[in-house]
Every structure is written in structure tokens, then in C-alpha cells.
J.: 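Below are the C-alpha cells for one structure; questions will follow.
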Amino acid sequence: MDKKNITRRKFIAIASAGTASTVAARGINIFGNIDRKASTLAILGGDPIRTKRFPVWPQPNKQIEESLVTTFRSGKWHRFESGAKMVSTFEKKFAELIGTKRCLATGAGTQALHTALYSVGVGAGDEVLVTPCTYISSPQAILLCNALPVFVDVDLDTFQMDPDKMEPLINENTKAIEPVYIAGLPCQMDKIMNIAKKHSLKVVEDACQAHIAEFNGRKCGTFGELGCFSFQSSKVLPCGEGGAVVGNDDELMDRCYAFHNIGQPANKSSIKGSIIGPKYRMTEFEAAVLLPQFDTLEEQVNLRNKNAAYLTNRLNEIPGIIPQKLCKGVNRGTYYLYGFRYKKEYFNNLPRNTFLKALRAEGISNTTMYFDRLNKQHFIEHTLNSKAYQKIYSKERLRRYLEENNCPNNDQLSEEGVWLWQWFLIGTKEDMDDIADAIVKIYENKDKLAKL
Ligand SMILES: *Cc1c(COP(=O)(O)O)cnc(C)c1O
């Protein structure tokens, strides 16, 4: 436990863990509004802290509607239609926003990752380092290239891939690193890039949650050979389904283009002749929905950062609640998710599920890690048992892979993690107080929950 980062109040509570009820009895006044704290828990029939909705997401507006209708009426629904310019304009503007020479729009973030990994040369027999604390697409994209996702355990403070755990996993088959910015918070990219350089590994960034997030003054998506983004509805720049690859290397970007276009290179491409590839193109409608949102993205991201900082200060006061920390060097996150760890020892050993139910009853909907123990999920073994994998990899190598596929910190995070969605953070300071007050209320009344 890092004593520098805990408040006196929290320290007292930690010091008396196990006798946490004495702390409650002493009546720690974590927030000023006694009425709220003293009222009956909603799950036990009392009034909830919050009945108001959090902001809705995505947020349709007049500008998006007009852009969509204009595209619809133009009859140019597809990027190759003569005169169509939504997708190409989007690509130009997104590259400018992120600070890369080029951008290729795709139909999804997963498609962007598959395209990028394939294009840097990830293929049969290769290994790619990735975190288990991520959306399922991050390892799926590696498997789609017939390669093996090698899971690097996370740091329990930041929830990010731990760079200190990477080098022992690197061997002659390691081809690339796929850093993920979980919650849209940058991971330790200085260290990760040094490791990549030292071992001549390609870097494909999964920035699907990290639009305009910054580390050491640089935007996520600009560190490696290629960066990948998602515009799926829940993301901070949404259009239903959509994605993009960004990069500075023309030849690599030309290869991405050909791959995403059923292997057909663009005119004036450095790729000569057709190659193999799926069909991963973005439609004009998706770009039409994205373009007007350039006007609101930055303001909303800044608001999320401000609200997240306030919420973290409040949650740091509550024993047993440990918010996700920022890595050293982070200038700005996206807060696609707001995460914290729930330590049940401070809540009379109430199971996390009881805590989550009580929190939901107070009007704060939430989710656990959206993929518990991702490195152990069925799709891994399913793929390893496929015809292709059985032919590419020896039985011994697959056996060893499964045996060594362990991430104890991530297992713990899968048990303790609680996530709130990004749209909780685009409202007011009072919204943040509601979240914190609801958790304090549960903390103060935890004795009454024991029998649930
Ligand atoms: C959303 C997401 C993806 C996949 O993007 P889609 O657009 O849903 O295909 C990949 N990685 C991470 C970390 C994501 O959050």
C-alpha cells in the first residue's frame, strides 16, 4: 500500500481493517449531508440517492441529422461514388486531429486492428504481446492473423499492461506489441516503446478507447507503426459502428488500404497488384455522422477529465475504494470508462455483487470488468483447437502456451473491478457527488447488508 497516496481518514480505516465496524461506529463523516448518509439503503426499501438519469449516449443533434440527411439525399452512400466525399474528408480531418500523415477509415475498430496487425506483418507462428484487461477484440484481432496473443499481466494501480512484465515474455517468435489504453487512459508508452526498439518489435496501438488522449505531450495512436480507433456507439466519438487506422508510413498505409479493400490497392499505391484482404470499408453515412462531432469531442473529453479528477478525490476518501491511477506521463485521458477496485474487506466482506446491486438500487448503474479473465475465455482454446492452429503450431508449443498463460493481477482485478461508463462523466459535479454519496451510503450502512 502506497502510504503517500492515502488520506489520514483512509489510513485510520485501513489500520483498523477487520474491525471496520468500529470505524463506522465512530461515525466518520465522509460527506457533509448527514440525511443522505443516514437514510435507509434503497436496496432495503429506502429512497435512492439518485432518480435522475445520467446523460444519454450517443447524443443525436441537429448538425448530425443534417449531415446524415444531406448524404442520404445525395445518393452517394459509398466512398467510391463519384463526388462522394464524407469518408475522405473524415480521414483527412481525423489524421489532422491525431497528428499523423494518413488515416484509413474502416467499418469497426476490430477491423482496424486486424488490418493494422496484418499490415505490419503479423502472421502464422508469430506472438504478439497484449493485455488481458481489454475488450475481446484486442486478442481476437491477433488470432485472426493466425498468431498467438501473449498476455502481459497488468499493474494493479493503473490497470494497464505492466511494462516490467514484458521482457521475460519476449522470444524469437515475438513480432509485435499491441498496447491497449484501457479506459482511454494512456499506458506507460515511454517504457513500452523502449522495449519495442530494443527487441525490434512492431507496435500497433489499440487506441479504440483513447481518442485524443495524450502521453508525454503526444496523442495516443502516434507512438507505434500504426494506431487503431473505434467509433462504435459507446465510444467517445461514435457512429454506430466504425473504425480507423492512422500512421505516417505511406507504404504501410497503402498496404492497410489494399487489405481493407478486398486486397485492391488504391490508384498510385506503392502496392503493386492485388493482395488478399476482407472488405472493411466505411460507408458515407458513418462518416457523415462522425464529421459534426469534431466540434464537441474535445470539450467533452476535457469535461470527463475534470469530472473524473473530482470523483477520484471523493472516492479516495472512502475506505476500500481504489480508483484507477494514471501512469506517470499522462497529460490527458479519455475516460471511456471510469474504473475502481472494490476491496470487500472494508465492507464487512460483502461480495462485490451485493455491493454492485446496492449501488444500482441507489441509481448508479455500473458494470464489472466487461471481460473477466479474458486470457482464460473459451475463444482462446477454441482457436488453438482449430485446423489452422493445429497445423501451424506444434502440440508442445500450444500446451506450453496454455500452461504459461497466467495473469494473477488481472485475475484479482477481474474480481475487484467496477466500471462506470463515459457518459456518466459528461454531466455536472453534482452527478459525481451522487456517485460518491451512494458509495459512502453503502459503506456507512454495510452492517445492514450482511444478511442479503
Ligand atoms: C471497442 C474496442 C475495440 C473494438 O472496436 P469495435 O469498433 O467495437 O470493433 C477494440 N479494442 C478496444 C480496447 C475497444 O474498447
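Counting starts at 1 for both ligands and their atoms, following the listed order. Sequence positions, counted from 1, serve as the residue numbers for this chain. What you see is a predicted model; the values in this text were computed from it and never measured.
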J.: Would you say NE2 of H78 has more than 12 non-hydrogen atoms from neighbouring residues, nucleotides or ligands within 6.0 angstrom?
T.: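 More than 12 within 6.0 Å, yes.
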J.: With a 4.0 Å cut-off on N to O distance, would you call E286 and R79 a salt bridge?
T.: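 No.
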J.: Report, in ascending order of atom number, the atoms of ligand 1 lying under 4.0 Å from any heavy atom of S138.
T.: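 Those of ligand 1 that fall under 4.0 Å from S138 are 11 (N).
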J.: Any idea which part of D206 is under 4.0 Å from ligand 1, heavy-atom wise: side chain, backbone, both or neither?
T.: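 D206 to ligand 1: side-chain contact only, backbone stays beyond 4.0 Å.
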J.: Quick one: which ligand 1 atoms are inside 4.0 Å of a heavy atom on T134?
T.: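 Every atom of ligand 1 under 4.0 Å from some heavy atom of T134: 13 (C).
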J.: Check the orientation of Y335 and Y338. Use parallel for under 30°, tilted for 30 to 60°, and perpendicular for over 60°.
T.: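 The arrangement is parallel - the two ring planes meet at less than 30°.
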J.: Within a distance under 4.0 Å of any heavy atom of G242, pick out the atoms of ligand 1 and give their elements.
T.: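 This gives 7 (O) as the contact atoms.
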J.: Show me which atoms of ligand 1 lie under 4.0 Å from any heavy atom of C208.
T.: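 Listed by number with element, the hits are 2 (C), 3 (C), 10 (C), 11 (N), 12 (C), 14 (C).
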J.: So which of Q232, K235, H114 gets nearest to atom 2 (C) of ligand 1, if we judge by its closest heavy atom?
T.: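 Looking at heavy atoms only, K235 sits closest to atom 2 (C) of ligand 1.
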J.: Does the side chain of K198 come within less than 4.5 Å of E167's, by heavy atoms?
T.: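 Yes; the side chains approach each other to less than 4.5 Å.
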J.: Please classify the S137 to ligand 1 contact at 4.0 Å (heavy-atom distances, strictly less than): side chain, backbone, both or neither.
T.: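 Side chain only; the backbone of S137 stays clear of ligand 1.
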J.: Under 4.0 Å between a side-chain nitrogen and a carboxylate oxygen: does that hold for E298 and R332?
T.: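 Yes.
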J.: Is the F259 ring parallel, tilted or perpendicular to the Y118 ring (thresholds 30°, 60°)?
T.: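 F259 and Y118: parallel rings.
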